[in-house]
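Inspection log for the structure reproduced underneath, given as structure tokens.
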Amino acid sequence: MKVEILGSGGATATPRPNCSCRVCVEARASGLPYTRTGPSLFVHGPNVLFDTPEEARLQLDRSGVTEIAACFYSHWHPDHTMGRRVWEGVGGYDFRHWPPDPAGPTCTEIYLPEQVVADFAEREVRSHFDFLEERGWVRLHELRDGETVELGGVTVRPFRLHEDYVYAFELTEGSKRLLVAMDELHRWEPPAELRGVDLAILPAGLQEHDPFTGERRIHEHHPVLDHEATFVQTLAMVDALEAKRVVLSHIEEIDGLGHDDLARLADQVGRQITFAYDTMVVEV
Ligand SMILES: [Zn+2]
Ligand SMILES: [Zn+2]
């Protein structure tokens with residue numbers, strides 16, 4: 001398996017419109033790897049996509065992806081789903097032939113874990129997917145908790161995190177194991193069966209304090225700390241996980257750390273950690 005990070009940003013991508021902070025100015029001037037689009041990644045081999053942020057069309061177009069066997073959605077949040085019209089582009093619209101070209105549009109298999117099905121319905125995301133399915137661009141598969149999917153010799157196992165409307169995924173191919181968690185590690189305790197995975201892709205967590213000076217960056221009573229994991233909490237999960245390699249993604253612009261700062265931070269914390277950037281490729 002080979003993981004391609006399509007988007008390494010979080011709910012706030014970099015640069016952020018109208019922002020003149022150092023990190024956004026640097027990103028505008030220098031482009032990749034300083035710019036970050038929304039959270040998405042592709043696993044070559046089984047050819048599986050995870051989540052479609054707003055920039056999904058742009059991300060896939062600039063990527064090395066030539067065929068998408070399936071897409072899994074981790075949760076309903078807009079930063080992970082708002083690019084869902086990408087399936088219309090991937091599928092192709094036959095404006096020209098009548099009767100329709102028998103080759104038809106390209107149809108992508110979409111897998112929705114149980115709670116994602118419920119949340120898509122409640123949050124009015126589902127109606128868009130029903131439209132895409134009616135047009136033949138996607139085929140929806142609803143997964144009960146505990147169900148796995150086999151794709152190209154790889155087993156994909158969705159499971160709930162502590163924030164239990166969100167799923168992470170374990171991908172197994174022979175003896176190789178890949179953990180993909182797109183977001184929301186708040187209060188997660190890595191279960192024993194995941195210990196020692198070959199590669200873990202995890203959200204980086206919020207920088208409650210400046211990691212170099214220790215200065216507080218988020219007010220201690222800010223409600224965001226009640227539902228988002230911090231970077232320091234994430235490091236504790238990394239230690240418990242004992243993964244052979246860790247890539248931290250879902251990096252928020254508001255954390256104020258640029259690509260070079262994060263490389264420095266990776267050196268500082270050790271632990272086989274690398275911070276993701278858009279277009280990064282990692283072999284498992
Ligand atoms: Zn997110
Ligand atoms: Zn900024």
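Atoms within each ligand, like the ligands themselves, are counted from 1 in listed order. Keep in mind it's a predicted model, so treat the numbers as computed, not measured. Index from 1, following the sequence.
For CZ of Arg160, the number of neighbouring non-hydrogen atoms (other residues, nucleotides, ligands) closer than 6.0 Å is greater than 12. By the 6.0 Å contact criterion, CD on Glu26 is enclosed, its count of non-hydrogen atoms from other residues, nucleotides or ligands being greater than 12. Within 6.0 Å of CZ on Arg139 lie no more than 12 heavy atoms contributed by other residues, nucleotides or ligands.
If you look at the Zn ion (ligand 1), the protein N, O or S atoms less than 2.8 Å from it are Asp79 OD2, His80 NE2, Asp183 OD2, His250 NE2. Note on the Zn ion (ligand 2): protein N/O/S atoms under 2.8 Å are Cys19 SG, Cys21 SG, Cys24 SG, Glu253 OE2.
Within the 3.5 Å criterion, the main-chain N or O of Leu257 finds no donor-acceptor partner in the side chain of Asp255. Proximity of a side-chain donor or acceptor of Gln59 to a complementary backbone N or O of Gly38 within less than 3.5 Å is detected.
Between Ile201 atom CD1 and Phe50 atom CZ the span is 10.0 Å, to the nearest 0.5 Å.
The side chain to side chain contact (heavy atoms under 4.5 Å, CB included) test with Ile218 singles out one residue from Leu206, Thr230, Ile254, and that residue is Leu206.
Classification of the Tyr73-Phe129 ring pair by plane angle, with boundaries at 30° and 60°, yields perpendicular. Between Tyr111 and His141, the ring-plane angle classifies as parallel under the 30° and 60° cut-offs.
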